Amino acid sequence: ITGLTARLIIKILPDKKQADTYLVTKYLDKKMLQNPVLALDLVVAEIGRTVKIIVRMLESVIIPFTEKELPKDKYHTEKGLMEALDMREEEVDFLEKEITDFIMELSRRELESNRVTEIFALLSVTNDLESISDIIHREIVPLVDEKRKLKTDFSDEGKKELIKYHAKVLKQMQRLQNVFEKRDAFKAVKILVKNKKNIDLESKFRKSHFKRIKHNIDNSVITHKVHSDLFDSLKQISMYLSSIAGTIAEESPFEMLGEK
């Protein structure tokens with residue numbers, strides 16, 4: 001079975017429905033483990049779904065730091081912003097476990113050597129994605145309360161820099177989403193190229209922040225820890241994205257699935 005055929009099968013697979021929970025895989029099906037190409041294609045589809053969820057997490061987590069009033073979630077309008085973030089983090093944790101279990105079961109089958117390489121490349125990507133979700137939920141989200149307790153906003157310049165750097169990291173996350181949607185390993189190279197520019201930008205903004213501290217600008221001094229921790233977390237996310245892109249670019253898993 002070719003990668004193209006696998007793609008067509010994915011399109012006609014019925015959506016899985018499970019009452020009272022959103023914690024359900026959409027593509028993984030253990031009955032497909034007997035066919036490595038199709039099984040791997042299902043893994044890629046489920047990873048792509050995970051990327052989409054994390055894009056939404058990263059997109060929304062900046063809002064509490066830039067707006068006074070928290071809106072409802074953009075995609076689940078019946079939920080508050082923070083509630084939706086919690087929901088998505090739980091969903092990513094669930095998918096990481098399901099994908100990892102599926103990959104490990106597949107790895108115990110008799111496979112060609114290039115399939116084994118691809119399997120562990122996808123396992124590495126899955127682990128890195130879960131780490132990004134953890135950074136958002138365990139490191140950035142707690143900073144919301146820290147900043148609220150300060151009762152002080154970032155300096156105008158500091159806020160502009162934060163918004164710009166977050167937008168750059170979010171764009172990288174969206175590029176990764178595009179990599180999985182298009183099944184194009186070459187597009188991962190652009191993430192690597194842009195990461196080098198983002199490293200320079202982060203360094204520039206950090207120096208600018210410390211200049212404000214040096215000049216004793218009140219807002220910058222008071223919000224220093226939150227501001228620095230936010231930049232640190234976004235930088236970590238950027239580095240994980242670079243790691244994922246490097247794995248995809250080097251192993252080219254989509255080519256192994258018959259993609260061009």
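Only a predicted model underlies this, so the values are computations on that prediction, with no experimental measurement involved.
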Between [atom1] of [X] and [atom2] of [Y], what distance do you get to the nearest 0.5 Å?
X: Arg108; Y: Leu33; atom1: CZ; atom2: CG; value: 9.5 Å
X: Phe65; Y: Ile140; atom1: CZ; atom2: CD1; value: 7.0 Å
X: Leu23; Y: Lys97; atom1: CG; atom2: NZ; value: 12.0 Å
X: Ile213; Y: Lys211; atom1: CD1; atom2: NZ; value: 13.5 Å
X: Leu81; Y: Lys72; atom1: CG; atom2: NZ; value: 10.5 Å
X: Glu118; Y: Leu106; atom1: CD; atom2: CG; value: 9.0 Å

*Can Arg88 and Asp73 be said to form a salt bridge (charged side-chain N to carboxylate O under 4.0 Å, His left out), step by step?*
CA-CA 11 Å; Arg88 292 189 180 107; Asp73 185 68; 2.8 Å; yes
Check: [X] side chain, [Y] main-chain N or O, donor-acceptor pair, under 3.5 Å:
X: Thr50; Y: Glu46; value: yes
X: Asn219; Y: Asp153; value: yes
X: Glu139; Y: Ser233; value: no
X: Ser133; Y: Leu129; value: no
X: Glu89; Y: His137; value: no
X: Ser220; Y: Asn216; value: no
X: His227; Y: Thr223; value: no

*side-chain contact (heavy atoms from CB on, under 4.5 Å) between Phe186 and Val179, worked out*: CA-CA 8 Å; Phe186 183 75; Val179 166; over 6 Å; no
*Atom OH of Tyr240 with >12 non-hydrogen neighbours under 6.0 angstrom*: no
*Can you establish whether the number of heavy atoms outside Lys159 located under 6.0 Å from its atom NZ is more than 12?*
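More than 12 heavy atoms, drawn from other residues, nucleotides or ligands, come within 6.0 Å of this atom.
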Mind listing the side-chain donor-acceptor pairs of residues 52-64 below 3.5 Å, one per line with the distance, residues two or more places apart or on another chain?
from  : atom 1 : to    : atom 2 : distance (Å)
Glu59 : OE1    : Tyr75 : OH     : 3.0
Glu59 : OE2    : Lys74 : NZ     : 3.1
Ser60 : OG     : Arg56 : O      : 3.1
Ser60 : OG     : Met57 : O      : 3.3

Check whether [X] and [Y] end up in the same hydrophobic cluster, where Ile, Leu, Val, Met, Phe, Trp and Tyr are linked by side-chain heavy atoms less than 4.5 Å apart.
X: Leu143; Y: Leu150; answer: yes
X: Val43; Y: Leu123; answer: yes
X: Val141; Y: Phe154; answer: yes
X: Val125; Y: Phe120; answer: yes
X: Val226; Y: Val221; answer: no

*Is a salt bridge present between Glu110 and Arg115, judged by a nitrogen-to-oxygen distance below 4.0 Å?*
no
*Can Arg212 and Asp156 be counted as an ion pair, charged N to O under 4.0 angstrom?*
no
*Do any pairs count as a salt bridge (Lys or Arg N to Asp or Glu O under 4.0 Å) and have a residue in residues 166-178, sequence neighbours left out, and if so which ones?*
none
*Residues in salt bridge (charged side-chain N to carboxylate O under 4.0 Å, His left out) with Lys164, at least two apart?*
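Residues passing salt bridge (charged side-chain N to carboxylate O under 4.0 Å, His left out) with Lys164: none at all.
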Less than 4.5 Å apart, any side-chain heavy atom of [X] and any of [Y]?
X: Leu42; Y: Thr25; value: no
X: Leu170; Y: His166; value: yes
X: Glu91; Y: Glu96; value: no
X: Thr126; Y: Leu95; value: no
X: Ile132; Y: Asp128; value: no

*asked:* Going by the rule side chain to side chain donor-acceptor pair (under 3.5 Å), which residues pair with Asp93 if we only count those two or more places apart in sequence or in a different chain?
replied: none
*Would you please name every residue forming a side chain to side chain donor-acceptor pair (under 3.5 Å) with His224, sequence neighbours left out?*
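Counting only residues at least two positions away or on another chain, His224 forms a side chain to side chain donor-acceptor pair (under 3.5 Å) with His209, Ser228.
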*Evaluate the criterion side-chain contact (heavy atoms from CB on, under 4.5 Å) for residue pair Lys79 and Leu85; output intermediate values, then yes/no.*
CA-CA 10 Å; Lys79 295 183 181 295; Leu85 268 168; over 6 Å; no
*Using the six-membered ring wherever Trp is involved, compare the ring planes of Tyr165 and Phe231 and label them parallel, tilted or perpendicular (cut-offs 30° and 60°).*
parallel
_Contact summary for Phe102 and Ala39, nearest pair of heavy atoms_ =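 Taking Phe102 first and Ala39 second, the nearest heavy atoms are CE2-O, 3.6 Å.
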Which pairs of donor and acceptor atoms, one on a side chain in residues 192-201, lie under 3.5 Å apart (sequence neighbours left out)?
from   : atom 1 : to     : atom 2 : distance (Å)
Asn195 : OD1    : Ser238 : OG     : 2.9
Asn195 : ND2    : Ser242 : OG     : 3.4

_Residues Glu161 and Ser208: side-chain donor-acceptor under 3.5 angstrom_ =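 Present: a donor and an acceptor within the cut-off.
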